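Just below is one structure, and these are the notes that go with it.
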Amino acid sequence: MKTFLILLIGILILTSGCVNEPVDSLNSIPYIDTGVDPDSWITIPAGEFMAGLHDHEIDIPYDYEIMATLVTNAQYVEYLNSALVDATIKIVADSVMGFYPGDPFQGHHHEFEIGSGDKVHLLLNEPGLRTKFDADTFRVVSGFENHPVVMVTWFGAKAYADYNGLRLPTELEWEKAARGSEDNRAYPWGNEISRNHTNYYSSHDLFHKVLNPGARTTPVGFYNGQTISGYETKDNRSPHGLFDMAGNVWQWCGDDYSDQHYRYARGGSFANYEYNLRVWARNSAGPDFYAINIGFRCARGENSEMLKGHH
Amino acid sequence: MDFIKNRFLYLFQSTKGLVLVAVALISLVTAIWGTLSGPMVEWGVRDITLKITGMQLLPQEREGRIIMLYHVIAMAIIAIEVYFMTSIVPMRKHRQAMINGTVTFGYILTLFFGLSFAYFGHNFIFHGIFLFGLSLMFFSGCHLAWALWPWQKQYHVKDNEYAHTKKGVDLERVAFFVMAVATLGSAMFGAITGSYWGNGHETFLAEDIIREPHKNALQLAIIGHLHIMLTLIAVAITLIIGRWLDFKGIFHKISMPLMIVGTIVITLGVWAVVPFEPIAHTIIYCGSVLVMLSALFLVIFGWRKLIHDNRQFVKPGFGQGLRALLHDPLKFGPLWQMVFMNFTVSGVGIFMAVKLDEIFRQWPAREERITLTGHWHILSAIIATIIILYFADISGLSGKKRKWFGWSVIIFSDLAFASVTIFSMKRLMLAQYAQQGLVDWSMIFADIGLAAVLVAMCVLLLWRLFDLFKGEGLWKRQLSNPELDVKRTALQKEDSK
């Protein structure tokens, strides 16, 4: 019995060296230019695609445009500074807040009640936020300019889109942009996934050689088939040319389902195993939820109200 | 030729041999299929497994593969429980042979052809044979229920120490019978839904639709099916462990009626989930309380018995009592695992139910999903460890080997279960950004715990394998004494007919 205890303690001591992930204390990280323009947009043509795990044929009968990359910290900070000046948003204590008109409440079991009023867009002093607020101005933590903005609630994502005359894509629009219309692929680039295809749970130790591991996110367009600082990436573009439609961070979608009001996110993230990265995988949370692995991208073009609640 | 014949007779005709075969097959499947996920992916082990075995893992088919894998392992577990039951519950020998033969054929067909269909190309002949295997399992279940019929006079209890009715009907036998019938009905619950596969029913994992506000009847039936089947497997192993420890006396008399009524109530609650979903949960909770109380009485009895049997003094003090309680890890372990389950399964489940809207529905669905899947994987694994400990006892482990094996299984499995529970509840303790360290630690401990249990099992099974090559090995002694060494509730006079 004594031998057993000694062995057990020995194993515990040995394993203590296995964990070395640093926590957030990043004031800067190296800036990596991926050569991808975060302001580029892609047109998704009208037509059918195979939606979901079971390949249901869905028609989206209009063209729409969607951002080629996730919204970056630089883009979001530019919006924050502009919106703060014209009082579209305001700062209350440590929170950036803005008005939301609320969702109709029907009293279903487990239905979220989202009333009208000011809602939190982001919390300024939360670890993981790559934005600092100094002297009435927002700025990006150095090196994170082209990383996806995270720690933004669904309200904050929608406010960004509304402010710029855009909208969040519906889940179906998002999925079509990720999967294309040619086949029923599981990932935006095909059916195989390897550790240098994208930023997900199994790939950490590879890109950590290039980036500070505490960063967790990778710059938008990082996985573009080029060798970046000695790290060979694979091209993770979808058939329509969108980057990071699997991995890096989950992406808020615009749908509000009337009897629940959860907000759905797609794409998986750096914290997830590969099955969460499949194009039909869904995540959901309340619209006031924020996390270090949830961001968003925007769409524009034909309004998709007609498809709301399709799932 | 006798060399093979004798080993074959041992492995496929004796209860102890049949259990060995099933445990070995499950261990083999666990060892190989365990390389397909988790850290094995990052370490490149999965790629090696795929290359060697030729498995095909299309991401579109993941859900279907997992469902087949769950069924394969569950069938083997059910087969082991059937072997235990046909050995420890008095019944006619020819029925025992018939039930064991059918269930063995059924689970082996299910295992080989289910895995072949799911992982090595979709040959639908394999799928058909998989279904045939499941059907054989069902048929053997019908036969088992018939054999367990409690109102046969020859199985009436005469010893007042065991729970029975005024007429002598053995209430433990009734509990086994009720569990068997409930299992058959609950299997149909899943089978009927499965028959709609491709014809209105689409493959899904229950954890993926937790936030669907309007689940259809087929989805509800599947969710009910998987919950009740695991519950009934747990009920069966509780009854089996009770007989192993010769559960009797006042606690037996209280426990058995609770188990019978609890099993009936839970089962009816689950069956009601399709037409009466809003009240089904309440019914299930009521039944669960009764079943858990029943198990609690078994634990109290068992611990008192262990202290009594292993004491060195007539009136042992606390320390001496504790020493006596912990003397035999193989017998202490199953009861402890039932207690530990309350921290990692029941407690978590009740907390989730109470705080669902307030806490868990505020989390991302993927986090709620982790908590749910962790919760029931732990329950399954706890049942597995209880079977492993009983199997080790059947294998005749003694002395230091018995202690090393028993404590390894208990400590390392509980380390894994506790780590997974902490991992799944991390949001209650830490802000998201600070969780990484906890995630890393908990995953490492979970992996170490599970790996250590697998290594212990590997050593035990290798020993049993080498034993088969000995002329006068353990297998030969077990062939001449093929049944489990338990004290039965009823006399065996009729059994040899």
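Owing to the predicted nature of the structure, the values given are computational and were not obtained by experimental measurement.
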Check: Quick check: are there more than 12 heavy atoms from other residues, nucleotides or ligands sitting under 6.0 Å from NZ of B:Lys401?
Finding: no
Margin query: Counting only heavy atoms not in A:Gln106 (residues, nucleotides, ligands), do more than 12 fall under 6.0 Å from its CD?
Written below: yes
Checklist line | B:Arg361 versus A:Phe112, closest heavy-atom pair with distance | finding: O-CZ, 3.2 Å
Item checked: Part of A:Glu274 lying under 4.5 Å from any heavy atom of chain B -> side chain
Check: Rounded to the nearest 0.5 Å, what separation is found between the OG1 atom of B:Thr203 and the CG atom of A:Leu53?
Finding: 7.0 Å
Checklist line | Contact class of A:Arg185 relative to chain B, heavy atoms under 4.5 angstrom | finding: backbone
Notebook entry, point to check: Is it the case that more than 12 heavy atoms not belonging to B:Phe276 sit under 6.0 Å from its CZ atom?
Noted result: no
Item checked: Contact winner vs chain A - B:His214, B:Met443, B:Lys400, heavy-atom pairs under 4.5 Å -> B:His214
Note to self: Does atom NE2 (B:His122) have a neighbourhood of more than 12 heavy atoms from anything else shown, all under 6.0 Å?
What the structure shows: yes
Note to self: Please find the pair of heavy atoms, one from A:Phe289 and one from B:Gln362, that lie closest to each other, and give the distance.
What the structure shows: CD1-O, 3.7 Å
Notebook entry, point to check: Checking heavy atoms, do the side chain of A:Asp55, its backbone, both or neither come under 4.5 Å from chain B?
Noted result: neither
Check: Cation over ring, B:Arg211 on A:Tyr262, under 6.0 Å and within 45°?
Finding: yes
Next item on the list: Using heavy atoms and a sub-4.5 Å threshold, report which of residues 364-374 of chain B line up against chain A, by residue number.
Entry: B:Pro364, B:Ala365, B:Arg366, B:Arg369
Notebook entry, point to check: Could you give the distance from CD1 (B:Ile210) to NE2 (A:His110), rounded to the nearest 0.5 Å?
Noted result: 10.5 Å
Check: Is the shortest heavy-atom distance from the side chain of A:His56 to the side chain of B:Glu202 under 4.5 Å?
Finding: yes
Margin query: With a 4.5 angstrom heavy-atom cut-off, is it the side chain or the backbone of A:Ala265 that approaches chain B, or both, or neither?
Written below: neither
Note to self: Within a 6.0 Å radius of atom OH on B:Tyr196, are there more than 12 heavy atoms belonging to other residues, nucleotides or ligands?
What the structure shows: no
Notebook entry, point to check: Among residues 56-66 of chain B, which residues come closer than 4.5 Å to chain A, judged by heavy atom distances?
Noted result: B:Leu58, B:Pro59, B:Gln60, B:Arg62, B:Glu63
Margin query: Which atoms of B:Ser37 are under 4.5 Å from chain A, going by heavy atoms: the side chain, the backbone, both sets, or neither?
Written below: neither
